[in-house]
Amino acid sequence: MKRVLSEQELERRRARQQLEAMGIHPYPYRWEVTAHASEILASFDDARHQPRENGPAPEPYEVSIAGRIMTRRIMGKAAFFDLQDETGRIQVYVRRQDLPEGFYDQVFKKLLDIGDIVGVKGYVFRTRMGEITVHAQRLELLAKALRPLPVVKEQDGKVYNVVTDKEFRYRQRYVDLIINPEVREVFRKRARMITTIRRFLDERGYLEVETPVLQPVYGGASARPFITHHNALDMQLYLRIADELYLKRLIVGGYEGVYEIGKDFRNEGLSRFHNPEFTMLELYVAYKDYYWMMDFVEELLEHVAIEVTGSPEVQWGAHTISFRRPWPRIPMFEAIKERTGYDLYGKSRDELAAIARKLGLEIDDTMGSGKIIDEIFGEFVEPHLIQPTFIIDYPIELSPLAKRHREKPGLVERFEVIVGGKELCNAFSELNDPDDQRARFEEQARLRAAGDEEAMQIDEDFLRALEYGMPPTAGLGIGIDRLAMILTNQPSIRDVILFPLLRPEQPAVPASADGADQAEASES
RNA sequence: GACCCCGUAGCUCAGCUGGUAGAGCACCUGACUUUUAAUCAGGGGGUCGCAGGUUCGAAUCCUGCCGGGGUCACCA
């Protein structure tokens, strides 16, 4: 089945055929670019470049630019169009008399459209209306657009006919990027954010590494994995849910600081805070503990906020979020007590369940004490923590890879950073006692046997590594997408991931040569 | 997975107490040599998400399905 082409698509295919008939290649090979829109606008100097009466001859400002035609204003023998390149838009002035015989009337006016990519050579001047403009002396088609571009016009900062359909924007992100400059800016900021983090870590001597995405045993977090298969070895493999266990092997190996920025995959639901594949930073530093890591994260995130937004104070929706150091450090049980009035420390599983029920939560018999505490925290505390806040000292049941607290029995040395009511970072003093780690894994195995699909698998090779001795180590994970949401003021994770996961559209239908045939048929 | 909202031209939308579709931009034809949401005159373009049902008649009412958004649940 062939896709039925719209009137405008037929028109553009007809134009393409006519161009070819005239000997104009609709998809040529190369164009020399010497300037971009924003630099031209910034560097044009009226005193030097603009001709004036009785003045000295202006110094020619010649440029060769390339980009997409975004708007056109055609008059009889001359026309203006806006050309958009990566840096922005600049106006181009075209006159019939400046171009080869017939080009203006037959090619530019009839066969070029909004959305086509062109190259322009010419000189820069300022029009009577005061707009810096490239006067074209040469104009070439560089790529014919066969689909019409949704046109966005603007005047006095008011924008008309903006594409607001989220589905359209996510599925055809390439179009979203063409027509929405603020979307281009979001992903520039995201890149700047990651570059800043990387530089910060590199400057401190930490080694950037790459560990396996395909893993025979998955671990490092509680989540359901994606499962795949390797044919040659005929074995089941998992897409990683975390980098943690491999990075700690590298600490065993003698590197004293390692980090990885990469994708993790979790087979869970989608929401404005969750995408099945997402980007995580994990960092492990030898001879440090979680107190040191709290200082480190504060410094890192304050620095990143300033580099990306220009200020440690960041606007996110209705909130102004301040990454300025220091941030409050609140033990989990204190935070819960403050919000609910209940002190959960030392309470038995059944006491916890009773309290949770009194608070209106649904508790079933399969939930352990750690799970119940987590429920209470997630319901009554987390959503209220808008400013960056360290929540510290978690129940041991929730943290099978964290070291026991040096003073508080039943707890581990772990912190999360909550920002905007959501977890942004997770860190601990890493468990390096191999026997304790084995016991924790075995507890996870019991949970798994009892039906907890998110419980961890026992990783024998990781235990073997620990048995060779891992130094005291502090570890950290940061959700890069969530950080990007806050630093770019976006409400949904889909707005900071270029191609978020969506259900597939109807079967993709090709627009084949049939379209061109239709175009011919419609002419006769 | 549950609930709520949405799906009409390439884009933004109107039409929805039932009488088989409209506007602006975009597109096509013509006019116009400094325009800028260019302007002026004329014109074409739609399986109204899909499939059933009710009805003489459905974009409109009902049911189911598909896709998207949001909230909840799980999770980072």
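In what follows, chains are A, B, ... by sequence order, proteins preceding strands, each numbered from 1. Being a predicted model, the structure only gives us computed values, none of them experimental.
Under 4.0 angstrom from either OP1 or OP2 of B/U33 there lies no side-chain N or O belonging to A/Lys109. OP1 or OP2 of B/G68 sits under 4.0 Å from a side-chain N or O of A/Arg171. Residue A/Arg494 has a polar side-chain atom (N or O) positioned under 4.0 Å from OP1 or OP2 of B/G70. In this structure, A/Arg503 does not reach the B/C66 phosphate: none of its side-chain N or O atoms is under 4.0 Å from OP1 or OP2. For A/Arg95, no side-chain nitrogen or oxygen approaches OP1 or OP2 of B/U33 to under 4.0 Å.
Distances were taken from every side-chain heavy atom of A/Lys166 (C-beta onward) to each of B/U33, B/C27, B/G69; the shortest belongs to B/G69. With B/G70, B/U33, B/G68 as the choices, the nucleotide that has an atom nearest any side-chain atom of A/Lys77 turns out to be B/U33. Comparing B/U34, B/U33, B/G45 against the side chain of A/Glu7 picks out B/G45 as the nearest. The side chain of A/Lys110 approaches B/U29 more closely than any other nucleotide in the set B/G10, B/U35, B/U29. When each of B/C74, B/U35, B/G67 is scored by its nearest atom to the side-chain atoms of A/Met75, the top-ranked nucleotide is B/U35.
Going from atom CG of A/Leu5 over to atom C1' of B/U47 covers 16 Å, rounded to whole Å. Atom-to-atom, CZ of A/Phe168 to P of B/G7 comes out at 17 Å; the value is rounded to the nearest Å. Between the CD atom of A/Gln8 and the P atom of B/G43 there is a distance of 18 Å, rounded to whole Å. Counting to the nearest Å, the P atom of B/C27 and the CZ atom of A/Arg14 are 13 Å from each other. The CG-P distance, from A/Asp495 to B/G69, rounds to 10 Å in whole Å. The distance from atom CG of A/Asp82 to atom P of B/C25 is 17 Å, rounded to the nearest whole Å. If you measure from atom CD of A/Gln172 to atom C1' of B/C11, you get 12 Å, rounded to the nearest angstrom. In this entry the distance linking CZ of A/Arg73 with C1' of B/A38 reads 7 Å, nearest Å.
A/Glu131 contributes no side-chain N or O that forms a donor-acceptor pair with the base of B/U34 under 3.5 Å. For A/Thr127 against B/U35, a side-chain-to-base donor-acceptor contact under 3.5 Å is present. One N or O donor and one acceptor, one from the side chain of A/Gln91 and one from the base of B/U35, sit under 3.5 Å apart.
Using a cutoff of 4.0 Å between basic side-chain nitrogens and carboxylate oxygens, A/Glu11 and A/Arg14 are scored as salt-bridged. Salt bridge status for A/Glu298 with A/Arg329: present, with a side-chain N to carboxylate O gap under 4.0 Å. A salt bridge links A/Arg446 with A/Glu443: the closest approach of a Lys/Arg side-chain nitrogen to an acidic carboxylate oxygen falls below 4.0 angstrom. Residues A/Arg272 and A/Asp495 are not paired through a salt bridge, judged by the lack of any N-O separation under 4.0 Å between the basic side chain and the carboxylate. The residues A/Glu260 and A/Arg240 are annotated as salt-bridged, a charged nitrogen and a carboxylate oxygen being separated by less than 4.0 angstrom.
Nearest-nucleotide positions on RNA chain B for A/Pro148 and A/Ser222 put A/Pro148 closer to the 5' end. Of the residues near RNA chain B, A/Met280 and A/Val151, the one whose nearest nucleotide (by heavy atom distance) lies more toward the 5' end is A/Val151.
Both distances falling under 3.5 Å, in either a Watson-Crick or a G-U wobble arrangement, occur for no nucleotide opposite B/A26. Summarising the base pairing, B/A9 is matched to no nucleotide, lacking a Watson-Crick or G-U wobble pair whose two defining distances lie under 3.5 Å. Remark: B/G1 base-pairs with B/C72; criterion is Watson-Crick or G-U wobble with both hydrogen-bond distances under 3.5 Å. For B/U39, the paired base is B/A31 (Watson-Crick or G-U wobble, both distances below 3.5 Å).
No contact: A/Arg12 has no heavy atom under 4.0 Å from any strand. A/Asp113 comes within 4.0 angstrom of sugar-phosphate atoms only, judged by non-hydrogen atoms across all strands, and of no base. Residue-level contact check: A/Glu454 touches the backbone only, with heavy atoms under 4.0 Å from sugar-phosphate atoms and none from bases. Nucleic acid contact class of A/Leu502 (heavy atoms, under 4.0 Å, all strands): sugar-phosphate only. Base engagement by A/Phe125 is indicated by at least one non-hydrogen atom pair under 4.0 Å involving a base atom. Backbone-only engagement by A/Glu379 is indicated by non-hydrogen atom pairs under 4.0 Å involving sugar-phosphate atoms exclusively. Counting non-hydrogen atoms under 4.0 angstrom, A/Asn275 reaches a base of the nucleic acid. Note on A/Glu382: nothing from the nucleic acid sits closer than 4.0 angstrom, heavy atoms only. Within the 4.0 angstrom heavy-atom criterion, only backbone atoms of the sugar-phosphate kind lie near A/Asp165; the bases stay farther away.
A/Glu454 and A/Ser222 share no donor-acceptor pair across their side chains, judged by distance under 3.5 Å alone.
For the pair A/Pro400 and A/Leu431, the tightest heavy-atom approach, listed with the atom from each and the gap, is O-CD2, 3.9 Å.
In this structure, A/Arg184 places its CZ atom where more than 12 heavy-atom neighbours from other residues, nucleotides or ligands lie under 6.0 Å away.
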